[in-house]
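Encoded as structure tokens, the structure appears first; notes follow it.
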Amino acid sequence: MRDSFKRYVAMGDSFTEGVGDPDPTRPNGLRGWADRVAEVLAASDPDFGYANLAIRGRKLAAILDEQLEPALALQPDLVTIYAGANDMLRPSADVDGLLERYDEAIGRLTGTGATVLVWTAFGARKSRFYAMLRGRFAYYNELVREIADRHGAQIVDYWRMSEYDDWGMWDVDRLHMATPGHELMAIKVLDLLGVPHSLSQPTPIVHPVLSSREQRAADLQWTREHLGPWVKRRVTGRSSGDGISAKYPVLTAVRQG
């Protein structure tokens, strides 16, 4: 793997936009693992450029429709893309059809000579909410692995990252990584790329141990504040990304820290 890059473009949804890692001084009020990776890559190269096209709530087709051509136009030598997780949450999704489009897109990206990283879906072994969907995610993962093999993309194997079984890596919405989760993902990506760095292993958030009664109350609160609005958006055809723009739509000099 290369240990230096000139132009990094990040594509995807909330995972790559950085939801769960707030920073009010940055575009969209977010930092995230991709920003953290870009900061390391830029530290030794004043000419390094970074674009982040990801927008929360985007499904696979929208990511490709909206982000693929702009990404290619930026002529990156590094691309990261995680797409499809929002589709897998919908029982009606045509997994095979979606991954055919993904296959074509990954082929176009790797065909430029860029290093391309794709993700498997997270296993969510300790989540009752995701338990019924794990089979779909496993099938999605196998198709993603085939795509990566076919086109020479690199796999960031989220499915096998047991560190994320710790709820201290997750935001209160139980859907997005919290700051420690983003910090760890940045390390995973840099290590896969073979890029030297001095990032420290994050400490998961320590949550209080709840009684059964307290846990039920917490679950009800989560349902009201997070699951309910999520379901309502699905029913009404709205998205959390409505009205949101990409953080860095063009190659940008990277702010450190």
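Worth saying up front: this structure is predicted, and the values here are computed from it rather than measured. Because only heavy atoms are used, hydrogens play no part in the values below, and waters and symmetry mates are left out as well, while side chains stay in.
In this structure, the ring-ring contact (aromatic ring centres under 6.0 Å, His included) partners of F122, at least two apart in sequence or on a different chain, are Y158, W170. Partners of E146 by salt bridge (Lys or Arg N to Asp or Glu O under 4.0 Å), not counting sequence neighbours: none found. Residues meeting the side chain to side chain contact (heavy atoms under 4.5 Å, CB included) test with V250, sequence neighbours left out: T252. A search for side chain to side chain contact (heavy atoms under 4.5 Å, CB included) contacts involving D103 returns I147, R150, H151, not counting sequence neighbours. Applying the side chain to side chain donor-acceptor pair (under 3.5 Å) test to E142 and every residue at least two apart in sequence or in another chain returns nothing. With sequence neighbours left out, R7 forms a side chain to side chain donor-acceptor pair (under 3.5 Å) with no residue at all. Annotation: salt bridge (Lys or Arg N to Asp or Glu O under 4.0 Å) contacts of D157 (sequence neighbours excluded): R145, R160.
Among residues at least two apart or in separate chains, there is no ring-ring contact (aromatic ring centres under 6.0 Å, His included) pair with a member in residues 53-73. Among residue pairs with one or both ends in residues 86-105, none qualify as ring-ring contact (aromatic ring centres under 6.0 Å, His included); sequence neighbours excluded. Every pair passing salt bridge (charged side-chain N to carboxylate O under 4.0 Å, His left out) that includes a residue from residues 105-119 is listed here, sequence neighbours excluded: E69-R108.
Hydrophobic clustering keeps I205 apart from M169 (ILVMFWY residues linked when any side-chain heavy atoms are closer than 4.5 Å, directly or through intermediates). W159 and L175 fall within the same hydrophobic cluster, where Ile, Leu, Val, Met, Phe, Trp and Tyr residues are linked whenever their side-chain heavy atoms come under 4.5 Å apart, directly or through other members.
Contact record, A114 with P76: CB-O, 3.4 Å, taken as the closest heavy-atom pair. Here the closest non-hydrogen pair linking T16 and M11 is OG1-O, 3.6 Å. I55 and R58 get closest at one heavy-atom pair: O-CG, 3.1 Å. Between A105 and L68 the shortest heavy-atom distance is CB-CD2, 3.9 Å. Between Q67 and G12, the shortest heavy-atom contact is OE1-N, 2.8 Å. N52 and A246 get closest at one heavy-atom pair: O-CB, 3.5 Å.
Judged by distance alone, the side chain of K247 and the main-chain N or O of E17 form a donor-acceptor pair under 3.5 Å.
The side-chain heavy atoms of V95 and F137, taken from C-beta on, include no pair separated by under 4.5 Å. Considering only heavy atoms from C-beta on, D96 comes within 4.5 Å of Y139 through its side chain.
Taking CG of D94 as the start and CG of D87 as the end, the distance is 10.0 Å to the nearest 0.5 Å. Between the CD1 atom of I244 and the OG atom of S14 there is a distance of 11.5 Å, given to the nearest 0.5 Å. Distance check: R134 CZ to N141 CG gives 9.5 Å after rounding to the nearest 0.5 Å. How far CZ of R31 is from CZ of R26: 4.5 Å, rounded to the nearest 0.5 Å. Between L53 atom CG and I63 atom CD1 the span is 10.5 Å, to the nearest 0.5 Å. One distance of note links CG of L109 with OG1 of T115; it measures 11.5 Å at 0.5 Å rounding.
Hydrophobic cluster membership of V206, counting Ile, Leu, Val, Met, Phe, Trp and Tyr whose side-chain heavy atoms lie under 4.5 Å apart directly or via other members: none, as it forms a cluster of its own.
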- Would L41 and L78 satisfy side-chain contact (heavy atoms from CB on, under 4.5 Å), going step by step from the backbone distance to the final call? CA-CA 11 Å; L41 296 176; L78 173 63; 3.7 Å; yes
- Pair Y8-T80, side-chain contact (heavy atoms from CB on, under 4.5 Å): steps then yes or no: CA-CA 8 Å; Y8 168 31; T80 59; 2.9 Å; yes
- Would you sort out whether V118 and I155 count as a side-chain contact (heavy atoms from CB on, under 4.5 Å), showing the intermediate values? CA-CA 5 Å; V118 297; I155 285 277; 3.7 Å; yes
- Assess whether side-chain contact (heavy atoms from CB on, under 4.5 Å) is satisfied between V144 and W119, documenting all intermediate values. CA-CA 8 Å; V144 169; W119 271 251; over 6 Å; no
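Side-chain polar atoms of Y248 and N28 form no donor-acceptor pair below 3.5 angstrom.
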Can you give each donor-acceptor pair under 3.5 Å made by side-chain atoms of residues 177-194, sequence neighbours left out, with the distance rounded to 0.1 Å?
unit_1	atom_1	unit_2	atom_2	d
T179	OG1	D21	OD1	2.7
H182	ND1	W33	N	3.1
H182	NE2	V19	O	3.0
H182	NE2	M177	O	3.4
K188	NZ	E163	OE2	2.7
D191	OD1	H197	NE2	2.9

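Among L117, L60, I106, the single residue meeting the side chain to side chain contact (heavy atoms under 4.5 Å, CB included) criterion with I81 is I106.
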